[in-house]
Student: 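Please see the structure below; I have some questions.
First the proteins, then the strands, lettered A, B, ... as listed; each starts at 1. In what follows, every heavy atom counts, from backbone to side chain, and hydrogens, waters and symmetry copies are set aside.
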Protein chains: 2
Amino acid sequence: MSKSRTPSIKMVADRAGVSVATVSNVLNGKPTVSPDFARRVNDAVRELGYVVDLGASRLRSRKTQLVGVVVPDLTNPMFASFVSTLEHLARLDDYDLVVVSARNNAEEEADRLRKIRAWRPAGLIVIPCDGAFAERLPNGFFAPVVLADRIPDAAGFDLIAVDNGPAAGAIAAHLDEQGYRDCMVVGSSLSISNVRERWEGVQAAVRRMHVEMLEIGIDDANGAQRLEERLRRRPLPGALFSLDHGTTLLTYRAMAEIGLSVPGDLAFASFDDMEWMQLVAPGITAVRQPIEEMAEQAWALLLRRMTGSAGKPVTRRLRCAVEIRGSTPRSPLEEAGNMKLGGEKWKLQDEPYSPE
Amino acid sequence: MSKSRTPSIKMVADRAGVSVATVSNVLNGKPTVSPDFARRVNDAVRELGYVVDLGASRLRSRKTQLVGVVVPDLTNPMFASFVSTLEHLARLDDYDLVVVSARNNAEEEADRLRKIRAWRPAGLIVIPCDGAFAERLPNGFFAPVVLADRIPDAAGFDLIAVDNGPAAGAIAAHLDEQGYRDCMVVGSSLSISNVRERWEGVQAAVRRMHVEMLEIGIDDANGAQRLEERLRRRPLPGALFSLDHGTTLLTYRAMAEIGLSVPGDLAFASFDDMEWMQLVAPGITAVRQPIEEMAEQAWALLLRRMTGSAGKPVTRRLRCAVEIRGSTPRSPLEEAGNMKLGGEKWKLQDEPYSPE
DNA sequence: AGCTTACAATAAAACGTTTCACCAGAATTT
DNA sequence: AAATTCTGGTGAAACGTTTTATTGTAAGCT
């Protein structure tokens with residue numbers, strides 16, 4: 001039996017009785033091609049089930065339809081959704097994606113960047129681990145790079161992110177207005193730009209409320225320990241504001257474990273709105289990031305660069321939405337204040353929160 | 001200014017003062033290489049920041065470190081987690097992943113399969129949209145294929161899945177034992193093999209409980225409508241068992257919207273355990289799939305094939321875990337039965353519905 | 001009829017690798 | 001000392017494309 005390999009352009013040419021160049025011309029829709037020959041080529045392609053070898057194609061043409069995507073963690077639903085949207089958009093423009101996860105590790109990120117370079121992608125979309133991204137980019141990297149979600153220390157990249165500061169500030173202001181007097185803010189690490197921006201936004205927005213920050217790291221047992229200890233200590237803060245998805249999950253679970261009730265024992269709000277946050281009772285007040293739109297913008301920016309547009313790097317910020325739910329009701333402390341002015345006492349006991 | 005392009009092996013050779021063949025030998029760890037020359041080559045590589053062009057490399061060597069991954073939907077956290085684990089394992093073996101989503105659409109899946117073929121991957125890992133996968137695989141596809149999670153109609157592939165039937169059966173038996181007399185089973189579509197297996201497992205496991213199946217499709221407004229109508233009709237079933245992640249989300253949300261309480265109005269259980277299911281109160285009884293282990297097995301199977309192992313296709317089934325939580329308590333009906341032996345009457349009135 | 005233009009198709013070079021056949025010299029055997 | 005085997009290294013071919021330059025032919029112009 002014949003050593004039949006996956007068909008090459010040469011086999012197509014032979015079967016169609018034309019030259020390889022003609023086959024290539026037909027396949028790439030070059031104008032100078034007679035209908036008759038085109039038909040013969042197309043027939044041969046169909047009969048053989050020929051599919052172009054993109055590796056060889058890129059090698060010669062120096063054009064590739066491949067872009068690399070690097071995210072800190074694929075299991076994070078935010079990033080998964082980001083990649084998913086990206087994948088869809090890329091396909092519409094006939095690009096493919098090589099996706100890698102840096103596992104929240106700067107070294108791995110650097111390693112993956114180097115590796116991905118070996119595919120000679122036409123561009124890169126990266127959600128960097130931390131601010132020192134520029135140092136990790138291989139020096140001789142020519143393809144355009146778009147950064148998303150997190151801001152690097154060094155300038156020089158197209159950038160798409162959300163308005164972390166104002167959005168976090170809105171939550172803080174909300175808690176403030178609801179009458180909470182002190183709020184603990186929890187986040188993974190201030191070395192991540194968006195967490196830092198959120199914290200700064202909180203500080204800028206509060207008026208009467210006192211805030212304190214607690215960093216618990218990423219997958220850091222030590223940090224989780226510190227958080228738990230704080231939650232067991234008294235007095236509790238009136239409110240808790242968690243600044244990123246991982247931290248929210250950890251915190252919410254810890255509160256449940258310790259037996260703290262939301263909002264009975266403390267109010268709770270989160271940056272990053274997950275679907276379960278409207279399924280639990282009471283729902284959790286959260287900032288919802290326009291993650292699909294972020295992916296869209298990232299793709300648009302990259303596409304612009306890949307198709308040759310020059311010019312200064314641009315930075316775009318997207319507006320977040322704030323979802324107020326039952327986990328941040330009017331503070332009982334404040335209610336107590338109002339009651340003196342004739343509030344109805346039973347309300348306090350019957351409905352510890354206002355579910356909306 | 002010189003037209004400096006990304007460095008090639010030739011530039012490395014020139015700088016090191018050796019032949020291209022020698023550079024290649026050094027880089028690929030060929031044994032016949034003097035330490036002196038190796039050092040010179042490595043120096044040149046470092047100075048130039050040379051990274052091999054994997055496209056060209058594959059073209060000549062006919063070996064590639066690329067595998068394609070096709071999933072029905074990247075936003076589904078199950079699949080996201082699957083891909084994430086896969087990505088990690090692949091990296092350990094120095095493979096890269098091209099990831100595409102078929103968006104729950106057989107046509108798109110076929111399209112993506114054709115497209116991914118153009119990269120000449122060393123193998124494919126696919127979670128197929130439906131049973132007719134074999135027909136969609138391009139005919140001249142030579143790379144090994146491992147299917148996961150869902151079973152195709154046609155045999156001939158390595159296969160890794162979970163024990164859908166027994167696991168779903170365990171839930172059904174649990175509901176039965178808890179005293180529920182009728183249970184509505186909801187799933188996206190019986191054309192998806194694992195949903196079908198789960199439904200069959202339910203039917204095989206029930207003893208006294210009556211079960212009925214409701215298919216609501218995937219992203220099908222019509223199906224959602226039918227579900228909602230059913231939930232508004234009386235009498236309600238004693239229990240609801242949802243057979244896949246998407247359906248669970250939809251159902252749980254619908255119940256909340258309609259104002260049904262779990263387990264007050266009906267018991268609820270789910271195939272697929274999401275993290276929020278232990279965060280809501282009461283927690284939701286669910287089947288937990290070993291999704292990471294599934295990815296591990298898929299990778300192991302594929303790796304075996306890619307490294308040349310022949311032999312008949314194998315099928316492996318993994319054991320699911322069943323998490324019993326508060327959403328499936330002892331049936332009030334059964335409690336009522338017990339009451340005749342001295343139960344407390346008021347309990348019956350607390351439950352508003354009377355099945356049958 | 002001659003001369004240029006335009007057109008359709010092709011041969012051959014090039015892309016960056018790996019591999020294969022080969023070679024010079026050193027080391028070993030006869 | 002001559003003949004053989006190793007050893008470390010190289011030139012050139014090959015992989016499957018695209019592109020450039022080139023060809024042959026038909027059409028358009030005096």
Side-chain angles (χ1 to χ4, degrees), chain A residues 3-42 44-45 48-66 117-122 140 142, chain B residues 3-42 44-45 48-66 115 117-122 140 142-143:
Chain A
K3 280 207 54 169
S4 114
R5 277 211 301 239
T6 120
S8 74
I9 198 174
K10 178 136 199 321
M11 301 185 199
V12 175
D14 288 350
R15 173 173 268 255
V18 301
S19 72
V20 271
T22 300
V23 177
S24 177
N25 284 336
V26 171
L27 263 38
N28 296 316
K30 288 290 182 340
T32 69
V33 60
S34 83
D36 179 38
F37 273 51
R39 195 185 47 70
R40 272 156 64 190
V41 168
N42 285 322
V45 164
L48 263 55
Y50 168 77
V51 174
V52 70
D53 181 327
L54 286 174
S57 171
R58 177 197 58 81
L59 184 55
R60 175 61 232 234
S61 71
R62 309 186 142 306
K63 298 176 164 69
T64 178
Q65 304 277 75
L66 191 70
R117 204 190 149 188
W119 292 110
R120 304 288 193 266
F142 288 114
Chain B
K3 280 209 57 167
S4 115
R5 277 213 299 242
T6 119
S8 73
I9 197 175
K10 177 135 199 321
M11 302 184 199
V12 176
D14 289 349
R15 176 173 265 257
V18 301
S19 73
V20 263
T22 300
V23 177
S24 177
N25 286 336
V26 170
L27 262 38
N28 296 317
K30 288 287 181 341
T32 67
V33 61
S34 83
D36 179 36
F37 273 53
R39 195 184 46 70
R40 271 158 62 192
V41 167
N42 285 323
V45 164
L48 262 54
Y50 170 78
V51 174
V52 70
D53 181 328
L54 288 175
S57 170
R58 177 197 57 83
L59 184 56
R60 174 64 232 238
S61 70
R62 309 188 142 295
K63 298 176 164 74
T64 178
Q65 303 278 74
L66 191 69
K115 185 72 189 303
R117 204 190 149 190
W119 291 110
R120 305 286 190 268
F142 288 114

Student: In Å, rounded to the nearest 0.5 Å, how long is the span from CZ of A/F142 to CZ of A/R120?
Tutor: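 The CZ atom of A/R120 is 10.5 Å from CZ of A/F142, to the nearest 0.5 Å.
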Student: So which heavy atom on A/A56 is nearest to which on B/L59, and how close?
Tutor: CB-CD1, 3.9 Å
Student: Choose from D/dG8, C/dT18, C/dA9 the nucleotide whose nearest atom is closest to any side-chain atom of B/I9.
Tutor: C/dT18
Student: In Å and rounded to the nearest 0.5 Å, what is the OH to CG distance from A/Y50 to A/L27?
Tutor: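 A/Y50 atom OH to A/L27 atom CG measures 6.0 Å (nearest 0.5 Å).
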Student: When you measure from the side chain of A/V52, which nucleotide among C/dT10, D/dC15, D/dT17 comes out closest?
Tutor: D/dT17
Student: Would you kindly give the NZ-to-C1' distance between A/K10 and D/dA14, to the nearest whole Å?
Tutor: 13 Å
Student: Please confirm whether the shortest side-chain N or O distance from B/K30 to OP1 or OP2 of C/dT19 is below 4.0 Å.
Tutor: yes
Student: Atom CG of B/N25 and atom OG of B/S34: how far apart are they, to the nearest 0.5 Å?
Tutor: 11.0 Å
Student: Would you classify B/R62 as touching base, sugar-phosphate or nothing, given that sugar-phosphate means primed atoms plus P, OP1 and OP2, and contacts are heavy atoms under 4.0 Å?
Tutor: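 The residue B/R62 makes sugar-phosphate contact but no base contact.
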Student: Looking at the side chain of B/S61, which of D/dT17, C/dT18, C/dT10 is the nearest nucleotide?
Tutor: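 Of D/dT17, C/dT18, C/dT10, C/dT18 is nearest to the side chain of B/S61.
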Student: Calculate, to the nearest 0.5 Å, the distance between atoms NZ and OG1 belonging to B/K30 and B/T22 respectively.
Tutor: 11.5 Å
Student: Take atom CG of A/N28 and atom P of D/dT17, then tell me their distance rounded to the nearest Å.
Tutor: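 The distance from CG of A/N28 to P of D/dT17 comes to 11 Å, rounded to the nearest Å.
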Student: Where the side chain of A/S57 is concerned, which of D/dT19, D/dG8, D/dT17 is the nearest nucleotide?
Tutor: D/dT17
Student: Expressed in angstrom and rounded to an integer, what is the separation of A/L59 atom CG from C/dA13 atom P?
Tutor: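 Spelled out: CG on A/L59 to P on C/dA13 is 17 Å.
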Student: Could you tell me how far apart B/D36 (CG) and D/dG8 (P) are, to the nearest whole angstrom?
Tutor: 12 Å
Student: List the atom of B/R117, the atom of A/P7, and the distance in Å for their closest heavy-atom pair.
Tutor: NH2-CD, 4.2 Å
Student: Rounding to a whole Å, what distance do you find between A/L54:CG and D/dT17:P?
Tutor: 9 Å
Student: Toward the 5' end of DNA chain D, which comes first, A/P7 or B/V18, by nearest nucleotide?
Tutor: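 Its nearest nucleotide lies further toward 5', so the answer is B/V18.
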Student: Find the distance between CG (A/D53) and CZ (A/R60) and round it off to the nearest 0.5 Å.
Tutor: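 One gets 15.0 Å once the value is rounded to the nearest 0.5 Å.
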Student: Can you tell me how far C1' of D/dG16 sits from CZ of A/R5, to the nearest Å?
Tutor: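 Between C1' of D/dG16 and CZ of A/R5: 10 Å.
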Student: In whole angstroms, how far is the P atom of C/dG16 from the CG atom of B/D14?
Tutor: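 Roughly 13 Å, once rounded to whole Å.
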Student: To the side chain of A/T32, which of D/dT19, C/dA8, D/dG16 is closest?
Tutor: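 Among the listed nucleotides, the one closest to the side chain of A/T32 is C/dA8.
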Student: What's the CZ-C1' distance between A/R60 and D/dT18, to the nearest Å?
Tutor: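 Between C1' of D/dT18 and CZ of A/R60: 5 Å.
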Student: Which residues in residues 19-27 of chain A have a heavy atom closer than 4.0 Å to any atom of DNA chain C?
Tutor: A/S19, A/A21, A/T22, A/N25
Student: Among the candidates D/dT17, D/dG9, D/dC15, find the nucleotide nearest to the side-chain atoms of B/R120.
Tutor: D/dT17
